[in-house]
Amino acid sequence: MFVNVLNLRNMRLPFLHILFFLSSVCFAQEIDVQPKNVSDSILNSTRTIRFSEPFNPERVMQKLFPGKLYHLANKNTFVSWSCKTCKHAPFVDVNGVEGDQMFPYENGVATRILANIDFSDSKGNEFKIMAFNHSTHDEDGLQTGRFSGGLLGLAKFAKKGKVWEMKFFQPAVAAFGAFAQCPTPKLVQIGEDQFAFTLSHINGGAGGPYEGYLYLVAGLDGKYQPIMEVPNYHLANVASITWSGSYTVVEDAAKKHFRDFIITTNGSFNKNAKAEDEFEATLPEEIAEMAKTKTQFDFAIERRFSFKGKTYKMIGKPTVKFSNVK
């Protein structure tokens with residue numbers, strides 16, 4: 001009996017050592033994120049920055065936003081910074097719920113790499129666009145707020161030999177998306193050596209319809225800004241109806257810049273599934289009458305947007321085609 005008790009005590013020691021080690025690891029992973037105060041030169045759009053190959057996006061982010069770099073779990077990498085001497089300026093949040101975002105944020109900023117986009121012009125010149133996502137400081141490194149978009153920032157680089165030189169820098173453009181996460185911008189050519197970005201913004205209340213808009217961000221009047229908003233581009237989280245959009249740029253030799261967009265929306269409607277809907281979705285007017293008299297159908301809506309003045313506007317009337325009508 002004495003020997004068994006002694007063995008039991010000896011077995012407990014390794015177990016306690018393991019338990020203590022695991023507890024230490026858990027505590028070590030609890031990081032309190034602290035922003036680093038930086039100079040107001042961080043907002044200087046005329047800074048001269050050059051990088052030799054290979055182009056390192058993380059290094060570029062640290063150069064543009066010289067805060068404290070964090071590498072957290074689940075690939076959560078960001079720079080945490082604050083600027084006490086910066087002048088705060090309003091930037092539109094397309095959610096339109098909590099008002100404009102005042103940037104830089106008073107409590108600090110978390111900046112993440114959103115995209116690293118390569119493209120070339122007609123002469124073979126190589127460029128890179130780095131897109132950044134800004135969100136307000138969170139001590140746990142989280143991105144929160146259902147109706148708070150991620151604030152988009154952009155930097156453009158041109159390649160000369162083996163050196164990348166920054167040609168344009170706009171720390172903040174506008175806020176898109178949900179939970180402080182801007183959707184990834186997609187490069188689109190809208191004219192001769194004219195490039196812009198589309199963003200698919202989707203958001204909605206808990207349990208309700210998730211409504212989507214398409215935005216076009218392009219250079220105009222010396223800065224990048226949203227110049228097209230397309231409503232009814234996506235709809236999800238509704239059992240009785242759903243739709244999704246796509247776009248094409250119209251090839252028109254007569255228009256060297258700001259060419260027209262064709263927006264196509266494909267969807268389906270099923271009246272019998274309405275009992276499953278927690279909230280009712282607003283139907284596009286092009287299909288509203290059909291939904292009153294028919295039980296089920298698929299549809300395709302086509303709209304054309306043209307650049308007028310300083311924004312894109314829908315021209316003409318949308319066309320709609322129905323199929324599988326019951």
Side-chain angles (χ1 to χ4, degrees), residues 28-29 31-86 91 103-105 107-121 124-143 150-177 180-187 195 197 199 217 219 223-224:
Q29 290 180 341
I31 299 175
D32 185 13
V33 176
Q34 294 294 331
K36 175 184 176 182
N37 189 47
V38 299
S39 165
D40 55 14
S41 62
I42 195 171
L43 302 181
N44 183 3
S45 60
T46 61
R47 280 189 283 170
T48 301
I49 296 179
R50 296 181 180 88
F51 293 94
S52 299
E53 288 193 311
F55 190 90
N56 186 322
E58 191 173 289
R59 182 183 167 206
V60 173
M61 177 176 66
Q62 286 184 277
K63 187 70 174 179
L64 291 174
F65 305 100
K68 186 174 181 180
L69 181 66
Y70 287 89
H71 289 281
L72 303 187
N74 301 317
K75 297 181 180 179
N76 185 8
T77 298
F78 59 92
V79 170
S80 181
W81 58 278
S82 63
C83 181
K84 297 178 180 178
T85 58
C86 288
F91 291 89
F103 182 80
Y105 309 117
N107 295 328
V109 183
T111 298
R112 293 170 171 85
I113 297 172
L114 188 60
N116 179 24
I117 303 170
D118 295 286
F119 66 100
S120 302
D121 63 14
N125 297 313
E126 297 179 57
F127 301 93
K128 281 182 180 287
I129 288 283
M130 282 204 66
F132 303 96
N133 184 102
H134 304 298
S135 57
T136 189
H137 164 71
D138 183 274
E139 62 184 12
D140 297 317
L142 303 177
Q143 293 168 272
L151 185 59
L152 175 68
L154 296 170
K156 180 180 179 180
F157 294 84
K159 188 177 183 182
K160 292 184 178 180
K162 294 185 178 181
V163 175
W164 290 95
E165 182 178 348
M166 189 168 71
K167 292 295 184 181
F168 184 86
F169 178 48
Q170 189 170 336
V173 178
F176 306 88
Q181 299 176 35
C182 180
T184 302
K186 294 183 178 181
L187 187 74
F195 297 87
F197 307 94
L199 296 100
V217 172
K223 64 179 180 178
Y224 282 100

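All values reported here derive from a predicted model rather than from experimental measurement.
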Kindly write out the residues that satisfy ring-ring contact (aromatic ring centres under 6.0 Å, His included) with F195, not counting sequence neighbours, or none if the list is empty.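 Once residues adjacent in sequence are excluded, the partners of F195 under the ring-ring contact (aromatic ring centres under 6.0 Å, His included) criterion are F119.
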Can you name the residues that form a side chain to side chain contact (heavy atoms under 4.5 Å, CB included) with Q170, not counting sequence neighbours? F168, V173, K223, Y224
Applying side chain to side chain contact (heavy atoms under 4.5 Å, CB included) to D121 and not counting sequence neighbours gives K123, N125, F127, D193
Which pairs, with at least one residue in residues 125-138 and sequence neighbours excluded, count as a salt bridge (Lys or Arg N to Asp or Glu O under 4.0 Å)?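 The answer is D118-K128.
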Set of disulfide (SG to SG under 2.5 Å) partners for C182, sequence neighbours left out: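 Expected list: none.
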Test side-chain contact (heavy atoms from CB on, under 4.5 Å) on F78 and L72; report intermediate values, then the result. CA-CA 9 Å; F78 59 92; L72 303 187; 3.7 Å; yes
Given 3.5 Å as the limit, does a donor-acceptor pair link the side chain of [X] with the main chain of [Y], or not?
| X | Y | value |
| --- | --- | --- |
| H134 | P171 | yes |
| N107 | T136 | no |
| R112 | Q181 | no |

Side-chain heavy atoms of L152 within contact of L114, under 4.5 Å: yes
Determine, step by step, whether L151 and Y105 satisfy the side-chain contact (heavy atoms from CB on, under 4.5 Å) criterion, reporting the C-alpha distance in whole Å, the side-chain angles of both residues, the deciding distance to 0.1 Å, and the verdict. CA-CA 11 Å; L151 185 59; Y105 309 117; 3.4 Å; yes
Once side-chain hydrogen bond (donor to acceptor under 3.5 Å, both in side chains) is applied, what residue pairs with a partner in residues 52-65 remain, sequence neighbours excluded?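 Matches after skipping sequence neighbours: E53-K159, E58-H71.
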